[in-house]
Amino acid sequence: MAFSISKKAAVAALFSFLVVTCVAGARPGNFSASDFTADPNWEAARATWYGAPTGAGPDDDGGACGFKNTNQYPFSSMTSCGNEPIFKDGKGCGSCYQIRCVNHPACSGNPETVIITDMNYYPVSKYHFDLSGTAFGAMAKPGQNDQLRHAGIIDIQFKRVPCNFPGLKVTFHVEEGSNPVYFAVLVEYEDGDGDVVQVDLMEANSQSWTPMRESWGSIWRLDSNHRLTAPFSLRITNESGKQLVASQVIPANWAPMAVYRSFVQYSS
């Protein structure tokens, strides 16, 4: 009997550990057909959830991706951590997936869309989505959200889909600690692939691009050997190889922790 109780306790402890491993949150809105790398076929995965039952994760931030305010539009708490094949060492930050749950009586079977905002460090399957409580419950039949969340670990199907953030252009958040010889920026709200694989910076009165390097998640940095001259133009490249140039998007009087919205966006 003692062994049985200990075994149950161990299972409960494991489940508690799994559902608090990362941060989430996002409802990217509608999306349309695209020629990017979306896979038309559903693949099998497993899903867990963490944080508050109707939350965006413990701190409403993007954890290993660096996104802010994931409880607000356009994330709207519909987010997920992804294990390495999905997170891709941070290159998967901002990518969008449709998910639908299967093999549970509370599953609606209807697809929901989530955005990758964090890294899942403890996968339970080849593909593992650790969802916000909101995103996990969204896959349930009406009125059965809590019943589905009580399942803890469920089978789901997923596929990559284009992102679409209505009303938003690509946005740049200058990170804390940036100064005249060190510049770090968070890139957000890219339609289409939803991700960024390279960022380059052009200084004022320059004709050449300087490659930035990934600091972590969706944050890119430039450690310069001279004082950087603003305004800066930024060029971003997504997973499909498509580039956008935000000309002089960072003004001469830029400041750390400021947000600068561009006038450019990937077309769907």
Side-chain angles (χ1 to χ4, degrees), residues 22-24 26 28 31 33-40 43 62-68 70 74-75 79-98 113-121 127 129 158-165 168-175 178 182-203 208-224 232-247 249-250 259-268:
C22 72
V23 184
F31 42 93
S34 171
D35 59 355
F36 93 119
T37 55
D39 184 348
E43 297 189 65
C65 288
F67 299 133
K68 279 78 172 174
T70 55
F75 299 106
T79 55
S80 181
C81 309
N83 65 320
E84 187 48 39
I86 300 167
F87 183 73
K88 303 175 184 177
D89 283 331
K91 298 295 194 301
C93 288
S95 54
C96 297
Y97 289 86
Q98 274 192 335
T113 305
V114 296
I115 299 175
I116 300 303
T117 56
D118 203 352
M119 171 67 180
N120 180 355
Y121 297 93
Y127 299 110
F129 290 78
F158 75 99
K159 64 179 178 179
R160 181 81 177 270
V161 295
C163 295
N164 184 19
F165 302 105
L168 295 177
K169 303 297 185 182
V170 176
T171 299
F172 302 93
H173 183 285
V174 179
E175 295 298 291
S178 294
Y182 164 77
F183 183 76
V185 64
L186 166 69
V187 188
E188 298 183 294
Y189 314 144
E190 309 87 44
D191 281 356
D193 286 16
D195 54 24
V196 173
V197 299
Q198 181 58 48
V199 179
D200 306 303
L201 181 147
M202 182 184 289
E203 296 180 65
S208 61
W209 291 101
T210 301
M212 302 181 73
R213 63 186 179 91
E214 186 180 20
S215 181
W216 56 277
S218 198
I219 295 174
W220 294 78
R221 64 184 289 170
L222 177 60
D223 299 276
S224 178
F232 304 140
S233 297
L234 295 174
R235 181 175 66 185
I236 63 174
T237 306
N238 69 8
E239 189 175 2
S240 296
K242 297 178 181 178
Q243 293 185 328
L244 282 181
V245 174
S247 181
V249 67
I250 308 298
V259 176
Y260 300 100
R261 294 175 175 82
S262 76
F263 294 99
V264 297
Q265 182 57 277
Y266 286 103
S267 59
S268 57

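We number each residue from 1, following the sequence as shown.
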State whether the side chain of Ser80 and the backbone N or O of Phe129 hold a donor-acceptor pair below 3.5 Å, judged by distance alone. no
Could you tell me which residues satisfy salt bridge (charged side-chain N to carboxylate O under 4.0 Å, His left out) with Lys91, sequence neighbours excluded, listed by chain and number? Glu214
Does Gln265 reach the main-chain N or O of Leu168 with its side chain, forming a donor-acceptor pair under 3.5 Å? yes
Nearest 0.5 angstrom please: Ile115 CD1 to Glu188 CD, how far? 10.0 Å
Side chain to side chain donor-acceptor pair (under 3.5 Å) filter on Glu84, not counting sequence neighbours, yields none
Donor-acceptor check, side chain of Asn120 to backbone of Cys81, threshold 3.5 angstrom: yes or no? no
Straight-line distance of Ser233 OG to Ile250 CD1, nearest 0.5 Å: 9.5 Å
Of all residues at least two apart in sequence or in a different chain, which pass the side chain to side chain contact (heavy atoms under 4.5 Å, CB included) check with Glu203? Leu201, Ser206, His226, Leu228, Thr229, Phe232
Value for CG (Leu234) from CZ (Phe183), rounded to nearest 0.5 Å, stands at 5.5 Å
Contacts of Tyr260 meeting ring-ring contact (aromatic ring centres under 6.0 Å, His included) (sequence neighbours excluded), chain-then-number -> none
The reported gap from NE2 in His173 to CD1 in Ile219 (rounded to nearest 0.5 angstrom) is 9.0 Å
For the side chain of Glu175 and the backbone of Trp220, is there at least one donor-acceptor N/O pair under 3.5 Å apart? no
Among all residues two or more places apart in sequence or in another chain, which pass the side chain to side chain donor-acceptor pair (under 3.5 Å) test with Asp195? Arg160
Closest heavy-atom pair and its distance - Ser218, Val187: OG-O, 3.0 Å
Residues Phe87 and Cys93: closest non-hydrogen pair is CE1-SG, 3.6 Å
Applying salt bridge (Lys or Arg N to Asp or Glu O under 4.0 Å) to Lys88 and Glu239, what does each step give before you reach the verdict? CA-CA 11 Å; Lys88 303 175 184 177; Glu239 189 175 2; 3.1 Å; yes
Can you find a heavy atom in the side chain of Leu222 that is under 4.5 Å from one in the side chain of Thr210? yes
Applying side chain to side chain contact (heavy atoms under 4.5 Å, CB included), name anything that partners Asp223, two or more places apart in sequence or on another chain. Tyr182, Arg213, Arg221
Using the side chain to side chain contact (heavy atoms under 4.5 Å, CB included) criterion, which residues pair with Gln243? Sequence neighbours excluded. Arg235, Thr237
Under the rule for ring-ring contact (aromatic ring centres under 6.0 Å, His included), what residues qualify as partners of Phe172, not counting sequence neighbours? none
Gap between atom CZ of Phe158 and atom CD1 of Ile86 - 0.5 Å precision: 5.0 Å
